[in-house]
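This report refers to the structure that appears directly beneath it.
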Amino acid sequence: MYELLEIYLMFFRMGAVTFGGGYAMLPILRREIIESRRWMDEEAIMDYYALSQGLPGIISVNVAVFIGYYRKKVPGALAAALGVVSPCVIIISLIYFLLAGFQDNIYVRHALAGISVCVVALILDAILSLWKKGVKDIPCVLICLFSFVVSAFTKFSPILLVVLCALMGIAIRTVTASKGAKKNGGDKK
């Protein structure tokens, strides 16, 4: 029961300070789950992010559910999901009740502009981290560039793009593994 509360509170804190969605959450996840608690390695977190990208719903909630499930199965998934969503519900409710009086306040607008810039920096940090862990060779660079061009310049479905890139990864790795096996087999003869 203590670990479920720990999962809930950890994700509650993340949800309370993570503006900008799931990618902005990555530096906090790294610190809390990988470095402090050592619950899993960075590769597992990146796998959860990649999988969450292709699933319906909010990335931060999907990642939280995966991590919670990894730790404590269904109760952990529920604790993580509730934890990451609770601050949003509280903050949005407060904003709703207070916004009418503050929507034209210059300080509120400036604060939101500052938060937006911070979110960009957090997302850039997440991108660099994902690049270091995920883009390891030329085929990965090509898949990354392809997916960037398709997502930036077309209206192609992100879900289909993730599936397409997964199939491309399978095809490229299968072909390179097959060529490597033939080369190694040919050297022995």
Side-chain angles (χ1 to χ4, degrees), residues 5-68 70-71 77 79-135 140-141 144-145 147-153 155 158-159 161-162:
L5 181 61
E6 182 182 20
I7 290 168
Y8 174 83
L9 292 174
M10 179 184 64
F11 280 103
F12 184 94
R13 284 191 308 273
M14 281 186 217
V17 298
T18 304
F19 295 94
Y23 294 114
M25 179 180 177
L26 188 57
I28 300 169
L29 271 177
R30 187 181 312 122
R31 186 181 66 242
E32 292 290 327
I33 292 178
I34 298 168
E35 295 169 9
S36 296
R37 290 177 175 79
R38 300 196 188 285
W39 283 355
M40 59 185 55
D41 61 16
E42 192 154 3
E43 191 170 327
I45 298 283
M46 295 304 150
D47 289 344
Y48 290 156
Y49 265 91
L51 189 56
S52 294
Q53 204 41 297
L55 294 174
I58 302 167
I59 292 173
S60 59
V61 175
N62 292 346
V63 171
V65 166
F66 282 130
I67 293 169
Y70 175 82
R71 293 301 300 171
L82 289 173
V84 81
V85 169
S86 295
C88 299
V89 170
I90 293 167
I91 291 168
I92 289 170
S93 297
L94 287 173
I95 289 172
Y96 174 77
F97 290 112
L98 300 175
L99 190 60
F102 291 106
Q103 66 188 10
D104 294 327
N105 185 309
I106 192 74
Y107 297 111
V108 170
R109 282 194 262 159
H110 291 326
L112 291 174
I115 289 170
S116 296
V117 172
C118 178
V119 167
V120 170
L122 291 171
I123 291 172
L124 284 174
D125 179 58
I127 289 169
L128 291 174
S129 178
L130 288 166
W131 180 271
K132 289 176 189 172
K133 292 296 177 185
V135 183
C140 290
V141 170
C144 182
L145 289 173
S147 61
F148 172 74
V149 168
V150 170
S151 66
F153 300 110
K155 294 185 184 226
I159 295 169
L161 183 59
V162 169

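Here the structure is a predicted model, which means the values were calculated and not measured.
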With side-chain contact (heavy atoms from CB on, under 4.5 Å) as the criterion, how do Ile7 and Trp39 come out once you've worked through the C-alpha distance, each side chain's angles and the decisive distance to 0.1 Å?
CA-CA 11 Å; Ile7 290 168; Trp39 283 355; 3.8 Å; yes

With rounding to the nearest 0.5 angstrom, report the CD1 to CG distance, Ile45 to Leu26.
8.0 Å

So which atom in Cys140 and which in Val135 form the shortest heavy-atom distance, rounded to 0.1 Å?
CB-CA, 3.8 Å

Considering non-hydrogen atoms only, spot the tightest contact between Ala80 and Ala64 and give its length.
CB-O, 3.1 Å

Partner set under side-chain contact (heavy atoms from CB on, under 4.5 Å) for Leu145, not counting sequence neighbours:
Val141

CG of Leu29 to OG of Ser129: how many Å apart, nearest 0.5 Å?
10.5 Å

Residue pair Val162 / Ala50: nearest heavy atoms and the distance that separates them
CG1-O, 4.3 Å

Quick one: salt bridge (Lys or Arg N to Asp or Glu O under 4.0 Å) partners of Glu6, sequence neighbours excluded?
Arg37

Residues at least two apart in sequence or cross-chain that pass side-chain contact (heavy atoms from CB on, under 4.5 Å) with Lys132, listed by chain then number, are none

Side-chain contact test, heavy atoms from C-beta onward, threshold under 4.5 Å: evaluate it for Arg13 versus Ile28 and give yes or no.
no

Answer yes when Arg30 and Glu42 have at least one side-chain N-carboxylate O distance shorter than 4.0 Å, and no when they do not.
yes

Exercise: identify the closest heavy-atom pair between Val65 and Ala77:
O-CB, 3.6 Å

With a 3.5 Å cut-off and sequence neighbours excluded, list the donor-acceptor pairs that the side chains of residues 117-126 form with protein atoms.
none

Value rounded to 0.5 Å, distance of OH in Tyr49 from CG in Leu130:
8.0 Å

Residues 81-90 vs side chain to side chain donor-acceptor pair (under 3.5 Å), sequence neighbours excluded, gives Tyr8-Ser86

Are Asp47 and Leu51 close enough, and set up right, to give a side-chain contact (heavy atoms from CB on, under 4.5 Å), and what steps lead you there?
CA-CA 6 Å; Asp47 289 344; Leu51 189 56; over 6 Å; no

Could you check if a side-chain atom of Pro87 sits within less than 4.5 angstrom of a side-chain atom of Met14, using non-hydrogen atoms only?
no

Give me the atom names and distance for the closest heavy-atom approach of Ser52 to Asn62.
OG-CB, 3.3 Å

Kindly indicate whether the side chain of Met25, heavy atoms from C-beta on, has any atom under 4.5 Å from the side chain of Phe11.
yes

Minimum-distance pair of heavy atoms, taken over all atoms of Cys88 and Gly15:
SG-O, 4.5 Å

Keeping to residues at least two apart or across chains, list the side chain to side chain donor-acceptor pair (under 3.5 Å) pairs with something in residues 106-118.
none

Parallel, tilted or perpendicular: ring planes of Tyr48 versus Phe66, cut at 30 and 60 degrees
parallel

